[in-house]
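Only one structure is covered here, and it is reproduced in the block below.
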Amino acid sequence: MFFPQFRARRIRGSETFRRMVRETSLSVNDLVYPMFSAFGSGIRKEISSMPGIYQQSIENIVAEAKEVHDLGIPAVLLFGIPETKDAVGSDAYSDTGIIQETIRALKKEVSGLAVITDVCMCEYTDHGHCGIIKNGDVDNDSTLELLAREALSHVQAGADMVAPSDMMDGRVGAIREILDENGYDATPIMSYAVKYASGYYGPFREAAESTPQFGDRRSYQMDPANRREALLEAAADIEEGADIIMVKPGLPYLDILRDLRNEFDLPLAVYNVSGEYSMVKGAAERGWIEEERVVLETMTAFKRAGADIIITYHAKDVAKWLAK
Ligand code: PBG
Ligand code: ZN
């Protein structure tokens, strides 16, 4: 059917028609808000490259989490900035670590808000890598043991879901096994299944104080040039027991998101990472783009590409815009 029989504009002529034929919708239920919990008290320090995002001590995390919950956002994703870091990231799996204390406070003070924790070593190691260093590189198998302990301690403190982001091989299986052995077979794992070695994590490393002190993460995170490998990574994590799989970063990898949506039926998450946020905020501050319009368009793109869950620093703003 071609012009003049077909006129694509007929159903674009009014907002009512546009609403009726809209293929993708965005809801507050789709959102997860990341937060950075810092050891200490009275801390609320804005990340210079991420306007509106703060490192905060527990009482301030709790206060903001209440606001997040009141906006209808179902979950937060927690990152920790410990008091001290060491070679083996001890605070990551300490019962009195920064995340464990934060989880307990949130579960006590903000009922109904799901607490998801990032499981990784880089925020807790003095060298800033995502695992144990042996012979100048991150050692896969000895790291698995620590990641499993970390995940278990998060869940014992009350975490509702754990999200391993380290990119070690076999970590989903190791975490699933330790959780099951300890009676937490009902706790889901959201795996950062497809995580690329990306320049877009730059601002996050200031926020989490997790910049590698030597080298980079290319020996464990994925090469941005690879597409088929994403399917392999996702299939492996599903086989090991992942409940939700994630693609990260978001906007530069929409093709990968769509590939995973077409291939797998598990819920699919996307992480709209720090650098993506900083670029939008920076351009909006200069008046170069319209922030609300650009952010909502980006969120819609994630949904259209196949995401069910969007992890984003824009979550609070999106919730407010959607409620208007
Ligand atoms: C930890 C982790 C990172 C992010 C989430 N978990 C950083 C990294 O891998 O270097 C990035 C999140 C963001 O940029 O917003 N492994
Ligand atoms: Zn890490």
Side-chain angles (χ1 to χ4, degrees), residues 31-37 47-55 76-82 85 87-89 91-93 98-99 116-133 137-140 143-144 146-147 150-151 154 161-169 171-172 175 189-224 233 246-253 269-281 298 302 309-315:
L31 305 172
V32 174
Y33 184 61
M35 301 185 84
F36 299 96
S37 182
I47 318 301
S48 62
S49 51
M50 301 177 73
I53 304 297
Y54 298 80
Q55 286 184 348
V76 292
L77 175 61
L78 287 187
F79 297 91
I81 300 130
K85 305 188 187 220
V88 292
D91 197 87
Y93 38 87
I98 178 63
I99 282 297
I116 309 173
T117 56
D118 185 85
V119 174
C120 200
M121 301 304 293
C122 54
E123 300 129 71
Y124 309 95
T125 51
D126 51 15
H127 47 73
H129 276 288
C130 301
I132 299 298
I133 303 294
D137 194 6
V138 175
D139 183 67
N140 196 85
T143 299
L144 291 183
L146 298 186
L147 291 167
E150 180 182 7
H154 291 179
M161 190 187 298
V162 289
S165 71
D166 50 281
M167 290 302 276
M168 297 304 114
D169 291 315
R171 89 269 208 216
V172 173
I175 292 171
I189 300 173
M190 173 164 69
S191 169
Y192 287 70
V194 180
K195 177 173 176 181
Y196 288 92
S198 172
Y200 287 90
Y201 306 150
F204 173 93
R205 294 186 184 161
E206 179 196 337
E209 299 179 10
S210 64
T211 307
Q213 296 305 301
F214 64 90
D216 54 38
R217 304 208 201 290
R218 284 177 231 244
S219 78
Y220 42 104
Q221 298 180 348
M222 286 175 59
D223 184 333
E233 280 281 5
M246 190 201 300
V247 173
K248 176 184 175 199
L251 264 189
Y253 299 91
V270 64
Y271 200 141
N272 176 221
V273 302
S274 56
E276 300 175 61
Y277 178 83
S278 299
M279 292 193 306
V280 169
K281 294 302 262 192
T298 303
F302 292 139
I309 297 170
I310 304 170
I311 302 162
T312 180
Y313 303 97
H314 298 289

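Below, all heavy atoms of this structure are taken into account, side chains as well, without hydrogens, waters or symmetry copies. In this text, all values refer to a predicted model and were calculated from it rather than measured experimentally. Both counts, for ligands and for their atoms, begin at 1 and track the order of listing. Along the sequence shown, residues are numbered consecutively beginning with 1.
When each atom of ligand 1 is checked for a heavy atom of S165 under 4.0 Å away, the hits are 1 (C), 2 (C), 6 (N), 16 (N). Counting atoms of ligand 1 from 1 in the listed order, those under 4.0 Å from a heavy atom of F79 are 5 (C), 6 (N). Counting the atoms of ligand 1 from 1 in the order shown, those under 4.0 Å from a heavy atom of C120 are 16 (N). The atoms of ligand 1 that sit less than 4.0 Å from any heavy atom of Y271 are 12 (C), 15 (O). The distance from ligand 1 to the heavy atoms of R205 drops below 4.0 Å at these ligand atoms: 8 (C), 10 (O).
Within the 4.5 Å cutoff, side-chain heavy atoms of I133 are placed close to those of F214.
Side-chain atoms of E206 and S48 form a donor-acceptor pair, as typed in the model, at a separation below 3.5 Å.
Judged by a 6.0 Å distance limit and a 45° cone about the ring axis, K248 is positioned over the six-membered ring of Y201.
Of all the heavy atoms of C122, the ones lying under 4.0 Å from any atom of ligand 1 belong exclusively to the side chain. Of the heavy atoms in D166, none comes closer than 4.0 Å to ligand 1. At a heavy-atom cutoff of 4.0 Å, ligand 1 is contacted by no atom of Y277, backbone or side chain. Of all the heavy atoms of S274, the ones lying under 4.0 Å from any atom of ligand 1 are found in both the backbone and the side chain.
Nearest protein heavy-atom neighbour of atom 12 (C) of ligand 1: F204 CD1, 3.3 Å. Atom 9 (O) of ligand 1 has K195 NZ, 2.7 Å as its closest protein atom, hydrogens excluded (heavy atom only). Nearest protein heavy-atom neighbour of atom 5 (C) of ligand 1: K248 NZ, 2.6 Å. The nearest heavy-atom contact from the protein to atom 15 (O) of ligand 1 is Y313 OH, 2.6 Å.
Across D118 and L77, no two heavy atoms sit closer than the pair N-CD1, 3.8 Å. Looking at every heavy atom in both residues, M50 comes nearest to A207 through SD-CB, 4.3 Å. I132 approaches T143 most closely through the heavy-atom pair N-OG1, 2.9 Å. The minimum heavy-atom distance between I99 and F79, with the atom names listed, is CD1-C, 3.5 Å.
By the 4.0 Å heavy-atom criterion, M167 is excluded from the residues contacting ligand 1. In this structure, E276 has no heavy atom closer than 4.0 Å to ligand 1.
Geometry about the Zn ion (ligand 2) gives an angle of 100° between SG of C120 and SG of C130, rounded in steps of 10 degrees.
Atom SG in C122 sits 4.5 Å away from atom CZ in R217 (nearest 0.5 Å).
Ring geometry for Y277 against H314 counts as tilted: the plane angle lies between 30° and 60°, on a 0 to 90° scale. Ring geometry for Y220 against H129 counts as perpendicular: the plane angle is over 60°, on a 0 to 90° scale with 30° as the lower cut.
Distances from the Zn ion (ligand 2) show that H129 has no N/O/S atom below 2.8 Å.
Proximity of a side-chain donor or acceptor of K85 to a complementary backbone N or O of E123 within less than 3.5 Å is detected.
Checked against a 3.5 angstrom limit, the closest N/O atoms of E123 and ligand 1 fall outside it.
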